[in-house]
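A quick write-up on the structure given underneath.
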Number of protein chains: 2
Amino acid sequence: MTRPALSRERVIDAALTLVDREGLESLSMRRLGQQLGVEAMSLYNHVSGKADILDGLAEAVLARLDVHLDPAVSWQDKIRALARSFRTAATSHPGAFTLVSARQLGSASGLRPIEAELLILHEAGFDAETSVHILRTFVAFVTGSLVRELTAEPVVSGIDPVARATRIEVLKAAGFSAIADAADHIAIVDHEAEYYFGVDLFITGLEAQLRG
Amino acid sequence: MTRPALSRERVIDAALTLVDREGLESLSMRRLGQQLGVEAMSLYNHVSGKADILDGLAEAVLARLDVHLDPAVSWQDKIRALARSFRTAATSHPGAFTLVSARQLGSASGLRPIEAELLILHEAGFDAETSVHILRTFVAFVTGSLVRELTAEPVVSGIDPVARATRIEVLKAAGFSAIADAADHIAIVDHEAEYYFGVDLFITGLEAQLRG
DNA sequence: ACCTGAACACCGTTCAAGT
DNA sequence: ACCTGAACACCGTTCAAGT
């Protein structure tokens, strides 16, 4: 039962498995070495350091992103499909996805979703320069939404009506009347619905911009 | 020359100063204690741990956010002004702002910008439930944009035309034709302009939604 | 070429001991 | 009530030594 030889790819793969299972904060060189049946120092023969592993994780997540789009559907539905791919990647790799938003992504894996999005925007009728601006807005919204979803606490299901009433009184007394009025809607968070509400608002903005 | 007594507020303030000056990664209990002329363990008398300090930093950044809005301007300009306040907070406290996007913000400092945004949306004509969805989209976009801006590498000013040409060839050969076509626009990043492009697209979407 | 032991300079946190 | 010394269980990384 000989172990396969170590390589950068095997190290990154093991890191992704570890992070998927136990979270980003439990990724350490020693822990990862242990996972691969090797001492921590051996990893330095295949990656330049921990930062390199984090870059590799971000790339690995993007590489697994499904950018295939049904050519028959509207550009609006293509944007929705791409947004859905991002959310699938985020929920499949919650620990590692955070890295995607924070790190620069120049590798080929990072370029695939960018190419896909630019093609959609070209089809919609935007010129190259405008498409780049829209692309950056899209990425900002998608990563901002998903990182927030991933770091959010699990939603509380049952709400004590007494606690609710006193909380609303406290908010009003503190001068937060708009929050008090919206308290019942703030208490409910359906992350998936929330995400697609934003995606649709984004698309609505694009449609209006095309018209005007 | 007696030092003022330690307190949670003094600890958080010192942490913010340290993070502003040397970045989030140089914040440690030992380093922070040193800054306050005290051993690291003393800090535990005033905060419950490092996580508590990070929460405090996020709150401190939000507490410094300017939510005053000129009542005379349109709701669109009010949204732009609030977005500008967020960006000012981000560039003033680049290290700590990252924490705002990742942490849950239930404190009063976190509620102020939320109240401001909900009031603007009410003025624009949205009902409470829709306003909450829009608010979450706004926060996702703003934090996503600003975190990306803060972690981006400094923009390269001069571009070697030869390197540019070969890079575009490589992109085309690798099947990234849309990226190749947009390469010149991708090379230029004016973070401020990019940010307000997104804000305006967001506003355009809201206007269209009000009409339809 | 790849792996390891020992070491360095750090971490966050606990706790008994001091004042 | 607050501060400290010593300790515990960790970190990432370097480097000479092994095979």
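Here is how names work: the chains are called A, B, and so on, in the same order as the sequence lines, proteins then strands, and each is numbered from 1. These numbers come from a predicted model, not from an experiment.
Comment: A/R10 does not engage A/D13 in a salt bridge, judged by the lack of any side-chain N to carboxylate O separation of less than 4.0 angstrom. A/R84 has no carboxylate O lying under 4.0 Å from a charged side-chain N of A/D66, or vice versa, which leaves the two without a salt bridge.
Here the separation of D/dA9 from C/dA9, taken at their P atoms, is 22 Å to the nearest Å. The gap from the C1' atom of C/dA16 to that of D/dC3 amounts to 13 Å, rounded to the nearest Å.
Nearest-nucleotide positions on DNA chain D place B/L43 closer to the 5' end than the other of A/L27 and B/L43. DNA chain C is contacted by both B/S26 and A/E39; A/E39 maps to the nucleotide lying nearer its 5′ end (nearest heavy atom per residue).
Counting to the nearest Å, the P atom of D/dT14 and the NZ atom of A/K50 are 15 Å from each other. Atom P of nucleotide C/dG12 and atom CD of B/E25 are separated by 13 Å, given to the nearest angstrom. Atom CG in B/N45 sits roughly 12 Å away from atom P in C/dT14 (whole-Å rounding). Atom P of nucleotide C/dA16 and atom OH of B/Y44 are separated by 17 Å, given to the nearest angstrom.
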**Request:** Would you write the dot-bracket representation of DNA chain D, where each base gets (, ), [, ], | or . depending on whether it forms a Watson-Crick or G-U pair under 3.5 Å and with which partner?
**Result:** ||.|||||...|||||.||

**Message:** Applying side-chain contact (heavy atoms from CB on, under 4.5 Å) to A/M29 and A/Y44, what does each step give before you reach the verdict?
**Reply:** CA-CA 9 Å; A/M29 301 301 275; A/Y44 288 86; 3.7 Å; yes

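Taking the six-membered ring where tryptophan is involved, the planes of B/F141 and B/Y195 are essentially parallel, since the angle between them stays under 30° and well short of 60°.
For the OP1/OP2 pair of D/dA1 and a distance below 4.0 Å, the side-chain nitrogens and oxygens of B/H46 include no atom meeting the criterion. Using a 4.0 Å cut-off, no side-chain N or O of B/S42 falls inside it from OP1 or OP2 of D/dC2.
Results of the side-chain contact (heavy atoms from CB on, under 4.5 Å) test with B/V19 over B/L32, B/L54, B/L57 single out B/L57 as the only residue that passes.
You'll find that the side chain of B/R30 is closest to C/dC11, out of C/dC11, C/dT4, D/dC3.
Other residues, nucleotides and ligands contribute more than 12 heavy atoms inside 6.0 Å of the NE2 atom of A/H185.
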